[in-house]
Amino acid sequence: MDTAAPVHTTALRRGTLEFCVLALLADGERYGLDIARQLGQSFGQTMSEGTMYPLLSRLRRAGSVRSTWRESANGPSRRYYSLTPAGRAALDQFRAEWVEFRSAVDQMMGTDRHEQD
Amino acid sequence: MNKIDGLVEDYLSQVERDIADLPGSRRTELLGDLREHIATARAELPVETEPGIREILDQLGHPEEIAAAAHDAADLPPPGRGRRRFRIGRAAMMRIAVVVLILLALVAVCVVVFYMDRSSTGVAQAVGTLVS
């Protein structure tokens, strides 16, 4: 990874991370560590896994996700998170808006042309 | 408590200090989530070693960062940098100081009233007695 700090990534992630979490849950329930690892793999070391728990808590209170405790054969009980219908609707809406938003920014930045060079 | 448990407990108490101003249910939930995360990750280690635990905690992130995210999610402003660690302690100390001052003032008033009651010579002597 580049040693220069990705100065804008934090701000960009702030607005999009919750939808990335919803997207991770789109195919089925996951437990906290699993979600954290997946996000860590995608975002790299700039992502502190622990910052995801307050986000999950907020999504739960907002009614986008629900959680249930399940026993585990290996280690302690795990809290599994899954999408609610409201969470799925929020995810669908974000996907539609994101496609528009991304292409608008690409066009402004000229990053759509760079890709073709 | 072995050294590895000590590392984990130190880490969790640091988070706990940094979120001391959040509502109790939020604190309990976050600490429980972090505890579960660490325990699950520990259970997945082939061999439990100190470097292994340190890496789990490193990936979890700096307690201050987690606390900042918790304040974000709770729609509360993060406590100011630098004074964060001792903010609660200082506020509590201020409150104790105010209570002590009020108590001292009450005691002084009681003593004055007591002397004024007993002595027919009045305020001058009461004050004189207090001063001497």
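Below, chain A is the first sequence line, B the second, and so on; all start at residue 1.
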Evaluate whether atom CZ of A:Arg14 has more than 12 neighbouring non-hydrogen atoms of other residues, nucleotides or ligands under 6.0 angstrom away. no
Highest number of heavy-atom pairs under 4.5 Å with chain B among A:Arg37, A:Met52, A:Glu18 belongs to A:Arg37
Which value, rounded to the nearest 0.5 Å, describes the distance between A:Leu33 atom CG and B:Asp33 atom CG? 12.0 Å
For A:Ser48 and B:His62, the nearest pair of non-hydrogen atoms, with its separation, is OG-N, 4.5 Å
Heavy-atom distances under 4.5 Å only: say whether A:Ser77 touches chain B with side chain, backbone, both or neither. backbone
Other residues, nucleotides and ligands only: do more than 12 of their heavy atoms fall within 6.0 Å of CD on B:Glu55? no
Do the side chain of B:Glu36 and the main chain of A:Arg79 share a donor and acceptor less than 3.5 angstrom apart? yes
Kindly give the heavy-atom pair with the smallest separation between B:His37 and A:Ala36, and that separation in Å. CE1-CB, 3.9 Å
Do A:Trp69 and A:Val65 sit in one hydrophobic cluster, given that two such residues count as connected whenever their side-chain heavy atoms are within less than 4.5 Å of each other, even indirectly? no
Can you get from B:Leu45 to B:Ile4 by hopping between Ile, Leu, Val, Met, Phe, Trp and Tyr side chains that sit under 4.5 Å apart? yes
Search all heavy atoms of A:Arg78 against all heavy atoms of B:Thr40 and return the closest pair with its distance. NE-CG2, 3.4 Å
Closest heavy-atom pair, A:Pro54 versus B:Ala69, reported as atoms and distance to 0.1 Å, is CB-O, 3.7 Å
Is A:Tyr31 reachable from A:Leu39 through a run of I, L, V, M, F, W or Y residues, each pair having side-chain heavy atoms under 4.5 Å apart? no
Between the CZ atom in B:Arg26 and the OG atom in A:Ser57, the distance rounded to the nearest 0.5 Å is 5.5 Å
Should the heavy atoms of other residues, nucleotides or ligands under 6.0 Å from CD of B:Glu50 be counted, would the total exceed 12? yes
CA sep, side-chain torsions, deciding dist, call: B:Ile66, A:Tyr53, side chain to side chain contact (heavy atoms under 4.5 Å, CB included): CA-CA 8 Å; B:Ile66 299 174; A:Tyr53 290 102; over 6 Å; no
hydrophobic_cluster_shared for A:Leu91 and A:Tyr80, side chain cutoff 4.5 Å: no
Checked B:Ala43, B:Gly61, B:Ala41 vs chain A; the most non-hydrogen pairs under 4.5 Å come from B:Ala43
Proximity breakdown for B:Arg35 and chain A, heavy-atom pairs closer than 4.5 Å: neither
Please say whether more than 12 non-hydrogen atoms of neighbouring residues, nucleotides or ligands are located less than 6.0 Å from CD in A:Gln107. no
